Colleague: 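The structure's right below; bear with me while I get my questions together.
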Amino acid sequence: MPFDRPRDTLEGVSVDDLVIVANRLPVEAVENSHGVVSWRRSPGGLVSALEPALTGKNATWIGWTGHYPKAGELPLPPIPERDDDRDYRIFEVPLERDDVEQFYDGFSNSALWPLYHDAIVTPQYHRHQFDAYRRVNMIFAQAAARAAAPGSTVWVQDYQLQLVPAMLRSLRPDVRIGFFLHIPFPAPDLFLQLPWRRPVVLGLLGADLIGFHTPGGAANFQAVTERLLGWPSHDNVVEVPAAHGGRRAARIGAFPISVDVGEIDRLARDESVIKRSIELRGELGNPKTMLLGVDRLDYTKGIDVRLRAYTELLHERRLDPGDTVLVQVATPSRENVDEYQRIRDDVELIVGRANGDLGSLGAPAIHYLRQPLPISELVSLYLAADIMLVTPLRDGMNLVCKEYVAARVDGGGALVLSEFAGAARELPQAWLVNPYDADGVKEAVVAAATAPVDEKQRRMRAMRAHVADHDVQRWAREFLDTLAEGSNNSVVRSETSSS
Ligand code: ADQ
């Protein structure tokens with residue numbers, strides 16, 4: 001019977017070997033006060049999620065440093081292949097300025113990102129940018145093909161690398177390939193706008209397992225494959241014609257990502273973090289109610305939505321300007337893309353107007369920081385905030401709301417959460433809002449601010465129980481276990497297929 005996978009080549013070979021392929025590496029360059037650049041572990045969920053899976057294995061992480069050579073700048077020092085905190089290898093994919101402009105700022109962040117987020121801003125489709133996307137995806141696929149041991153597992157991450165699974169399969173049919181999409185997969189009618197929809201879907205179907213945050217994303221993808229390719233699919237499996245005849249199974253599943261609950265819990269109980277949270281409230285003038293937003297400065301996050309709602313509530317005196325503060329921390333992001341400059345301007349206009357109209361000397365209505373903060377400072381802010389505002393117009397999951405819940409070891413706090421964040425399915429006890437309904441957002445903020453303490457605690461208890469049981473390490477384990485399980489039955493015999 002024709003099988004696509006030459007299984008005999010796997011015999012006697014360790015299948016534990018794991019290669020992660022992600023746009024970014026798990027290390028970042030930092031410069032000390034003497035101008036000396038070194039590498040340190042990147043903060044962020046993906047690194048904590050995947051490190052337990054990588055540790056103790058013969059493992060490699062392939063990605064880009066986030067820098068490209070600029071005229072007159074000294075080159076960055078080489079990344080140590082291994083160091084004390086890390087027992088897996090790093091394999092750098094160098095990107096040139098043109099790649100960054102066309103593949104990253106261009107096709108990834110000006111076409112795919114807006115399209116996959118419900119076309120909140122108009123996606124820009126340019127042939128030369130897709131050509132760069134294809135070229136850079138091939139560079140990543142070739143790097144993975146070189147780094148993967150025979151029969152090993154390769155796990156490709158996110159929308160920047162959707163062509164890698166099929167490219168890698170053609171280079172290395174012996175490896176097991178997983179793909180996870182960290183952003184939403186849109187409704188079929190939207191996705192089908194994409195001029196290069198077919199290569200993107202075929203690229204993804206090169207994987208043995210394609211993971212999404214929600215069942216809705218998985219269902220959208222399955223509907224697209226049916227409409228576009230007409231290949232049989234059932235029970236979350238698409239039957240893909242295989243290179244050597246017959247069919248192979250590409251499985252589709254929902255794996256909601258989460259946060260490093262253990263680490264956030266540890267920080268939230270740390271004395272210096274607790275002390276800092278008390279200090280922060282003091283610095284804000286010990287208001288009766290403190291509201292908080294923490295986001296990348298991205299137009300999908302609905303930062304403007306919440307700031308407008310809050311400002312109107314102050315104007316209407318439904319919140320007391322003398323006794324309420326809002327802190328918005330927004331980390332700069334993708335600043336070369338026009339739409340990101342526009343959202344920055346919009347947000348800063350709202351903040352400026354609110355403070356001009358409603359603030360007083362030394363007591364602005366909105367405290368706005370456009371900077372990244374260390375996670376310990378974020379946890380202090382989470383502990384200090386009475387109400388967390390998470391109002392994206394669309395979000396694959398949203399980790400900030402789960403970080404807030406994980407940090408509230410005191411059982412306090414209240415979460416206002418957009419229905420259009422993937423996390424809303426798991427946290428129905430939040431005050432859920434439609435971010436397009438300005439009055440609804442205002443109602444929810446007032447309801448969260450005025451709810452009885454026992455109601456807030458009841459809601460928070462339920463959310464904490466869910467998050468405690470579904471941490472990011474569980475997410476990685478479940479994806480990799482599902483990928484491994486499929487290796488024995490991922491071959492569909494041609495005569496049993498239902499085409
Ligand atoms: P993002 O769009 O980046 O992630 P999110 O899930 O909220 O969005 O994660 C942001 C992370 O950045 C959080 O861990 C947060 O703490 C951190 N962060 C935000 N502002 C910060 C600041 N000022 N300083 C320091 N850290 C800050 C994409 C998808 C999401 C999906 C994740 C993971 O868009 O939907 O949840 O990937 O799959």
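All figures in this text were calculated on a predicted structure; none of them were measured in a lab. All ligand and atom numbering here is 1-based and tracks the order in the structure.
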Colleague: When you measure from the side chain of Arg459 to the backbone of Ala414, do you find a donor-acceptor pair of N or O atoms at a distance under 3.5 Å?
Modeller: no

Colleague: Give yes or no for whether the N/O distance cutoff of 3.5 Å, strictly under, is met between Asn398 and ligand 1.
Modeller: yes

Colleague: Are the aromatic ring centres of Phe180 and His213 under 6.0 angstrom apart?
Modeller: yes

Colleague: Could you go through Asp270 and Arg276, starting from their C-alpha distance and side-chain angles, then the distance that decides it, and tell me whether this counts as salt bridge (charged side-chain N to carboxylate O under 4.0 Å, His left out)?
Modeller: CA-CA 10 Å; Asp270 183 293; Arg276 176 75 186 131; over 6 Å; no

Colleague: Under 6.0 Å from the ring centre and within 45 degrees of the ring axis: does the NZ or CZ of Lys402 meet both conditions for the six-membered ring of Tyr404?
Modeller: no

Colleague: Do any nitrogen or oxygen atoms of Gly396 come within less than 3.5 Å of a nitrogen or oxygen of ligand 1?
Modeller: yes

Colleague: Any idea which atoms of ligand 1 are less than 4.0 Å away from a heavy-atom of His213?
Modeller: 31 (C), 38 (O)

Colleague: Hey, looking at atom 37 (O) of ligand 1, which of His182, Gln157, Arg296, Glu377 has the closest heavy atom?
Modeller: His182

Colleague: Heavy atoms only, cut-off 4.0 Å: how does Phe255 contact ligand 1, side chain, backbone, both, or neither?
Modeller: neither

Colleague: Keeping the roles fixed (side chain from Asp158, backbone from Gln160), state whether a donor-acceptor pair exists under 3.5 Å.
Modeller: no

Colleague: Check the pair Tyr88 / Leu18 against side-chain contact (heavy atoms from CB on, under 4.5 Å), numbers first and verdict last.
Modeller: CA-CA 10 Å; Tyr88 55 91; Leu18 179 59; over 6 Å; no

Colleague: Hey, looking at atom 26 (N) of ligand 1, which of Thr331, Leu381, Leu378 has the closest heavy atom?
Modeller: Leu378

Colleague: Between Val400 and ligand 1, find which residue part has any heavy-atom pair under 4.0 Å and reply side chain, backbone, both or neither.
Modeller: both

Colleague: Could you tell me whether some N/O pair between Phe180 and ligand 1 is separated by less than 3.5 angstrom?
Modeller: no

Colleague: Using a strict cut-off of 4.0 Å, indicate which atoms of ligand 1 neighbour a heavy atom of Ile257.
Modeller: 33 (C), 38 (O)

Colleague: Do we get Arg89 above Trp61's six-membered ring, with its NZ or CZ under 6.0 Å from the centre and within 45° of the axis?
Modeller: no

Colleague: If hydrogens are left out, which of Val294, Asp158, Leu297 has an atom nearest to atom 19 (C) of ligand 1, that is, the closest non-hydrogen atom?
Modeller: Val294

Colleague: Taking the six-membered ring of Trp196 (Phe, Tyr or Trp), confirm whether the NZ or CZ of Arg134 is under 6.0 Å from its centre and within 45° of its axis.
Modeller: no

Colleague: Looking only at heavy atoms, is any part of Gln371 under 4.0 Å from ligand 1, and if so is it the side chain, the backbone, or both, or is it neither?
Modeller: backbone

Colleague: Can you sort out which atoms of ligand 1 are near Asp295, meaning under 4.0 Å from one of its heavy atoms?
Modeller: 19 (C), 20 (N)

Colleague: Would you please determine whether Trp113 falls within less than 4.0 Å of ligand 1 on a heavy-atom basis?
Modeller: yes

Colleague: Which ligand 1 atoms, with their elements, are less than 4.0 angstrom from a heavy-atom of Pro372?
Modeller: 22 (C), 23 (N), 24 (N)

Colleague: Taking the six-membered ring for Trp, are Tyr159 and Tyr116 closer than 6.0 Å centroid to centroid?
Modeller: no

Colleague: Does Glu312 form a salt bridge (charged side-chain N to carboxylate O under 4.0 Å, His left out) with Arg308? I'd like the steps, not just the answer.
Modeller: CA-CA 6 Å; Glu312 285 184 22; Arg308 276 199 196 93; over 6 Å; no

Colleague: Indicate, as side chain, backbone, both or neither, the part of Asp298 found under 4.0 angstrom from ligand 1 when only non-hydrogen atoms are considered.
Modeller: neither

Colleague: Closer than 4.0 Å to some heavy atom of Val329 - which atoms of ligand 1 meet that?
Modeller: 23 (N)

